[in-house]
Amino acid sequence: MRIFAIICLLFAASAHGFILDEGRLSDAKEAHAQRIFSQLRCVVCQGQSVKDSQADLAIAMRALVREKLQEGKSEAEIFGEMRALYGPDVVLTPDSSAQNILLWYAPLFFAIIGVVVIRQYYKKRK
Amino acid sequence: MRYVVIVSFAACIVMLSIAVNQLQVKNDLMGKVVNKEALPAAPLYDYDGNAIDLKGVRIINFFASWCTPCAAEHPYFMQLKEQHNIRMLGVAWRDDAQKTQKWLKRLGNPFDAVAYDLGGTYGVMLGIRGLPETFVLDEEGRVIYRFAGALNQAILDEEILPRL
């Protein structure tokens with residue numbers, strides 16, 4: 001019983017570590033906000049989304065996203081503003097810019113070149 | 001065959017230049033010349049809840065009492081205040097307002113006004129990533145230079161003072 005009480009006290013002492021965001025929205029809007037948080041990268045964390053991070057910047061980004069949703073901004077507008085502030089990497093789902101398309105299709109391009117080179121090599125040997 | 005090799009080589013160069021360009025963007029954040037960007041339209045409030053007039057502000061410094069590098073760079077703002085007649089705004093970012101006041105009392109207050117960005121949203125609207133961060137504004141109140149990290153004498157003399 002005493003050990004159980006000590007464990008409870010330890011949990012209570014560390015409870016301040018779980019910070020609940022201020023200014024949470026109504027249920028439907030909050031669910032929308034949570035979806036947006038999960039799509040935003042915490043730019044000062046290692047591989048965490050804004051939703052999962054307790055970094056000060058992530059908390060501030062969540063507050064700003066909630067403000068934007070309250071103002072009636074769309075998801076695309078919010079992502080656009082975040083990209084303008086923190087670069088294209090801030091949104092976890094990459095956009096279809098020319099740069100990204102080049103990066104996505106580069107492996108296919110190199111594979112085709114590889115096949116051509118190998119074919120040429122075997123043709124010459126024959 | 002020769003063309004295939006040339007095209008592959010050119011493609012590799014293009015991919016490398018994209019990667020280098022992206023690294024460059026990240027490194028630029030340490031000290032970046034900004035193309036006259038307007039400040040966010042959102043208002044800033046002082047300790048008593050009054051809206052702060054940003055007219056004539058030439059330097060904005062984001063700081064907090066919990067930020068160790070902010071204390072390290074603070075003497076440079078005291079120096080700026082003593083030696084130059086520049087209107088400076090301090091923005092306490094995600095800090096307890098009372099702790100900010102105690103901190104400023106202890107280290108000295110070089111700012112003409114101190115704003116309290118308790119939720120941190122104003123800082124995010126300016127794209128800050130951490131503390132401290134300093135913004136230099138032109139006479140029309142547009143951002144012309146930003147520096148992330150603790151100021152030092154070289155940055156002050158070579159980057160900030162010539163822009164004021």
Side-chain angles (χ1 to χ4, degrees), chain A residues 19 21-24 40-45 50 54-71 78 81-90 94 97-124, chain B residues 1-29 32 34-35 37-38 40-43 62-67 91-96 117-133 143 146 148:
Chain A
I19 305 160
D21 286 4
E22 288 170 7
R24 290 170 75 89
L40 288 174
R41 187 190 307 276
C42 168
V43 290
V44 295
C45 316
V50 162
Q54 283 302 333
D56 276 293
L57 184 66
I59 295 169
M61 285 169 87
R62 289 201 288 267
L64 185 64
V65 169
R66 287 190 178 106
E67 269 184 30
K68 299 280 174 197
L69 282 174
Q70 285 286 57
E71 287 168 14
I78 293 170
E81 285 182 25
M82 287 295 177
R83 279 195 185 102
L85 291 168
Y86 291 103
D89 290 353
V90 74
S97 65
Q99 239 182 39
N100 284 337
I101 288 171
L102 185 65
L103 289 173
W104 290 332
Y105 291 105
L108 184 67
F109 172 74
F110 285 117
I112 292 167
I113 285 177
V115 170
V116 171
V117 169
I118 291 165
R119 270 189 67 177
Q120 293 284 338
Y121 174 75
Y122 280 107
K123 256 188 188 175
K124 270 190 181 175
Chain B
M1 183 68 177
R2 190 183 294 166
Y3 292 117
V4 170
V5 173
I6 291 168
V7 169
S8 318
F9 184 72
C12 283
I13 296 290
V14 169
M15 306 294 280
L16 269 174
S17 65
I18 290 172
V20 169
N21 182 42
Q22 285 185 350
L23 280 175
Q24 189 68 39
V25 168
K26 280 175 186 163
N27 291 339
D28 276 351
L29 286 165
K32 187 180 177 189
V34 181
N35 191 22
E37 275 173 18
F62 283 80
F63 71 98
S65 64
W66 47 261
C67 155
V91 181
W93 191 74
R94 291 196 50 75
D95 200 7
D96 180 283
D117 185 15
L118 302 177
T121 51
Y122 194 86
V124 174
M125 282 187 254
L126 273 168
I128 71 165
R129 289 175 183 243
L131 293 181
E133 189 151 346
V143 181
R146 60 191 292 172

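Just so we're on the same page: letters track the sequence lines, and every chain starts at 1.
- Note that CG of L85(A) is 11.0 Å distant from CD1 of I128(B), once rounded to the nearest 0.5 Å.
- You'll find the side chain of M82(A) reaches within 4.5 Å of the side chain of V124(B), heavy atoms only.
- The OG1 atom of T121(B) sits 9.0 Å away from atom NZ of K68(A), with the distance rounded to the nearest 0.5 Å.
- In this structure, the portion of V44(A) lying under 4.5 Å from any heavy atom of chain B is its side chain and not its backbone.
- Residues G120(B) and A60(A) come closest through the heavy atom pair O-CB, 3.6 Å.
- In this structure, no portion of L131(B) lies under 4.5 Å from any heavy atom of chain A.
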